[in-house]
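Here the structure is a predicted model, which means the values were calculated and not measured. Hydrogens, waters and symmetry mates are skipped; everything else that's a heavy atom, side chains included, is used. Convention: sequence-line order gives letters A, B, ...; per-chain numbering from 1.
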Protein chains: 2
Amino acid sequence: MRSTKASAGPPLDDRTTRARIRDAALELFAERGVHGTSIRDIAGRAEVSAGLVQHHFGSKDGIREACDAHVIDTVLRQAEQAGDGAAASAELLASMYAASERVVRYLARALVDDSPGVGALFDRGAELTAQWLTRSWPERYPAGAEVTRQRAATMTAMHLGTLVLHAHLARWMGLDPLAPGQAHVISAAMLDVYTAMSDYLASETGVKIRRALAEYQDDLKGRKATR
Amino acid sequence: MRSTKASAGPPLDDRTTRARIRDAALELFAERGVHGTSIRDIAGRAEVSAGLVQHHFGSKDGIREACDAHVIDTVLRQAEQAGDGAAASAELLASMYAASERVVRYLARALVDDSPGVGALFDRGAELTAQWLTRSWPERYPAGAEVTRQRAATMTAMHLGTLVLHAHLARWMGLDPLAPGQAHVISAAMLDVYTAMSDYLASETGVKIRRALAEYQDDLKGRKATR
DNA sequence: CGCGACGCAATACGATCGTATAGTATCCAA
DNA sequence: TTGGATACTATACGATCGTATTGCGTCGCG
């Protein structure tokens, strides 16, 4: 049924009814979260019966796992192509934006909806960032050191923050950064923020702030050591 | 009942049973999201009956609004005290961490659970950041300009990203940045990331990247103008 | 003393949820 | 031709949800 008969052979996977259901789930999970979406909602958007959703994915958790798997597959595939050039996470993000809007929107929600699979994606991004830090400043960020892990994780969270909080950015900037072709706005803005902060930290005030924080941390470390 | 009789007169608000219910709601909403939390869950954690929750807040949406109002009140109160020194958002974040762990954890979830009230908090943070940008670089970030709005919103999202993604940071760094007394780890890491990126952007590669992006944006602008 | 107001629990209700089951149509292989 | 997968719909069931209702005890105040 549903004709088009397309190519002759194997169940190529995509654009099948199963894929349409999965895409509907991706969209609704991204919009309302997993808890806020019912199987009947998904069936409605995919224009099939609720029973069919269950037939293809077994359970609601099955749909979620299928969504996670599809997103992970897409992201990792893009990550390979993006190479490991400098600022890996920024490029990776950009290529993902271009790959599939649906996947990116789901990813943005899944990062705070604690899906175990998508959590591994954060880890992968943080790992790439850590490697980049070590490559750029080997003596400052040794591989595996605590400081390297902390900086890499924080930087990853900052970059992904612009993804996760896209709704607020859209409201405040008057344009949706997840809409097709708008990703560069965020990339440019992040780069510009780094540039501005670079100036700021070189200023008199910036030097003072850095020194104050360094002293505070030394103090903290000293107190911990003598405790 | 519940003795202590405390002060004589009016329902002073806090530590009343009503406040205990609200705190339980704050915790559960933060942990599982609004959709993932039932009124009976809240009643269970507050050790009261489900009917009492309804009696105090009217409906589930009423509880949510009460949580939002309490968080907004707490945050704004902290924002006043924190002054408007440099890097306002960082200081504001730090003082909030110290004020109430429960409030911060709820805020982290509410920022991606689209609560209208908490959305206004993002706006307030972005506005403070925009003002700081304009004060620091008046010619580069004029008040009200599009570039100022974009940079301020992006910077705010980057900083709040470390809040919203705290679970991933906790997993990757081996310590919960929202635990009492751990906020400085993120502050220090963010500052260090800015410092590192400052070095990077001054390097040969960094200059090349910035030039490439500038050309890309000029190209984009030109194409839009001649279209 | 009495009588509302309030804090609180218990129960009941309709709606909706995830899921199980039964049934129909279609198509490929023996 | 037939028979069993496969794709798909329809319906039903038990659990849980938000909410409304009712009732009980305990104050404060006339």
Run the salt bridge (Lys or Arg N to Asp or Glu O under 4.0 Å) test against [X] and tell me which residues pass, sequence neighbours left out.
| X | answer |
| --- | --- |
| A:E27 | A:R45, A:R102 |
| A:D123 | B:R171 |
| B:R105 | B:E101, B:D176 |

Exercise. Does any residue of residues 35-46 of chain B have a heavy atom under 4.0 Å from DNA chain C, and if so, which ones, in number order?
Worked result: B:R40

Exercise. For residues 51-66 of chain A, which residues have at least one heavy atom under 4.0 Å from DNA chain C?
Worked result: A:Q54, A:S59, A:K60

Seminar exercise, completed: Sorted by chain and residue number, the ring-ring contact (aromatic ring centres under 6.0 Å, His included) partners of B:H55 (sequence neighbours excluded) come out as none

Exercise. With B:F57, which residues qualify under ring-ring contact (aromatic ring centres under 6.0 Å, His included), at least two apart?
Worked result: none

Problem set entry | Any A:T17 side-chain N or O less than 4.0 Å from OP1/OP2 of D:dA7 | no

Problem set entry | With sequence neighbours excluded, residues passing side chain to side chain donor-acceptor pair (under 3.5 Å) with B:D113 | none

Seminar exercise, completed: Applying side chain to side chain donor-acceptor pair (under 3.5 Å) to A:S38 and not counting sequence neighbours gives A:D41

Problem set entry | A:Y106-A:D23 side chain donor-acceptor pair, cut-off 3.5 Å | no

